[in-house]
Asks: 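Quick one: structure below, then a few questions.
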Amino acid sequence: TGNHWGYGKEDGPSLWHRNYPVAQGSRQSPIDIIPHQAAHDHSLDAIILNYDHCTSINISNNGHSVVVEFDDSDDRSVIRGGPLDNAYRLKQFHFHWGGKGCHGSEHTVAGMSYASELHLVHWNAVKYKNFSEAATAPDGLVVLGIFLETGDDHRWLHVITDALYMVKYKGSLTDFKGFNPKCLLPSSLHYWTYLGSLTTPPLHESVTWIILKEPISVSEKQLGKFRMLLFTGEEEDQRIRMENNFRPPQPLKGRKVRSSN
Ligand SMILES: NS(=O)(=O)c1ccc(S(=O)(=O)c2ccccc2)s1
Ligand SMILES: [Zn+2]
């Protein structure tokens, strides 16, 4: 119906351009990051994450991913510094992942993909009066991308994976208070940055991407719990496992990727 889109053969990334022509635009995401072609920009400051008074509100299954939303009514959880001229408020975070034994990150590094990718979505509340307005502005959003690789158990990810059974079906939502995503950060905040877009419809070209170079480690068991989620709703006959919810890399079209040192 209407602008229905997904990750299947009939509604996947290669077909999104039919309802969202910007899919073939000049600053689409994700991209393949080639480290030695990234410009080392010594003017790039460190990024600053002020997540101390972070307030998660709920966790939900929107039929495309699992999303944790935050109270963005004030500047309590912001990202600033790095390539940014303003502070950007944390709105939500979500994940992209593969199938069993398959990798599912969106950005790739020299053609190599990670098992999964975490996106922390922020908006420019200095210049725009609400998220929706920021979401269509060229400097409206910042998404902090963190790669997940399989290895040891992540000591805090279980707080999220233990809640996934409550949001198994598309359209489900439940309270999820007091979670601070600071616990999901790797030890180094070294990053690549470039101008891009949302990686799902509506694919707005409004995102300054900041991708951390250092992945975090999660266990195969923890990652497997994401795959118990469903793309489909409780009332639907078909039960389709939520996996491989990633868009492949898009053409760079002359863009420069910068690297913090
Ligand atoms: N994968 S991603 O981080 O690029 C991303 C896709 C969609 C969103 S959004 O739900 O914030 C959103 C933002 C604007 C309009 C509609 C949804 S964030
Ligand atoms: Zn995402």
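Predicted model only: the values in this text are computed from it and were never measured. Indexing begins at 1, ligand by ligand and atom by atom, following the structure's order.
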Asks: May I ask you to say whether E220 pairs ionically with R227, meaning some side-chain N is under 4.0 Å from a carboxylate O?
Replies: yes
Asks: So for ligand 1, is W209 a polar contact partner (N or O within less than 3.5 Å, distance only)?
Replies: no
Asks: Is there a polar contact, in the sense of an N or O pair closer than 3.5 Å, between H94 and ligand 1?
Replies: yes
Asks: If the test is ring-ring contact (aromatic ring centres under 6.0 Å, His included), which one of F95, W97, W209, F246 qualifies with H119?
Replies: W209
Asks: With heavy atoms only and a cut-off of under 4.0 Å, state how V121 meets ligand 1: side chain, backbone, both or neither.
Replies: side chain
Asks: Angle at the Zn ion (ligand 2) between NE2 of H94 and NE2 of H96, to 10°?
Replies: 100°
Asks: So between S132, S65, A135, whose heavy atom ends up nearest atom 14 (C) of ligand 1?
Replies: A135
Asks: Heavy-atom pairs closer than 4.0 Å: do any link ligand 1 to the side chain of S29, the backbone, both, or neither?
Replies: neither
Asks: Assess whether a salt bridge exists between K127 and D139, defined as any Lys/Arg side-chain N lying under 4.0 Å from an Asp/Glu carboxylate O.
Replies: yes
Asks: When you look for heavy atoms under 4.0 Å from ligand 1, do you find them on the side chain of T199, its backbone, both, or neither?
Replies: both
Asks: Which residue is it: H103, H94, H107, H96? I am looking for the one with a side chain to side chain donor-acceptor pair (under 3.5 Å) to E117.
Replies: H107
Asks: Looking at ligand 1, does K91 have a heavy atom less than 4.0 Å from it?
Replies: no
Asks: List ligand 1 atoms under 4.0 Å from T200, heavy atoms only on the residue side.
Replies: 6 (C), 7 (C)
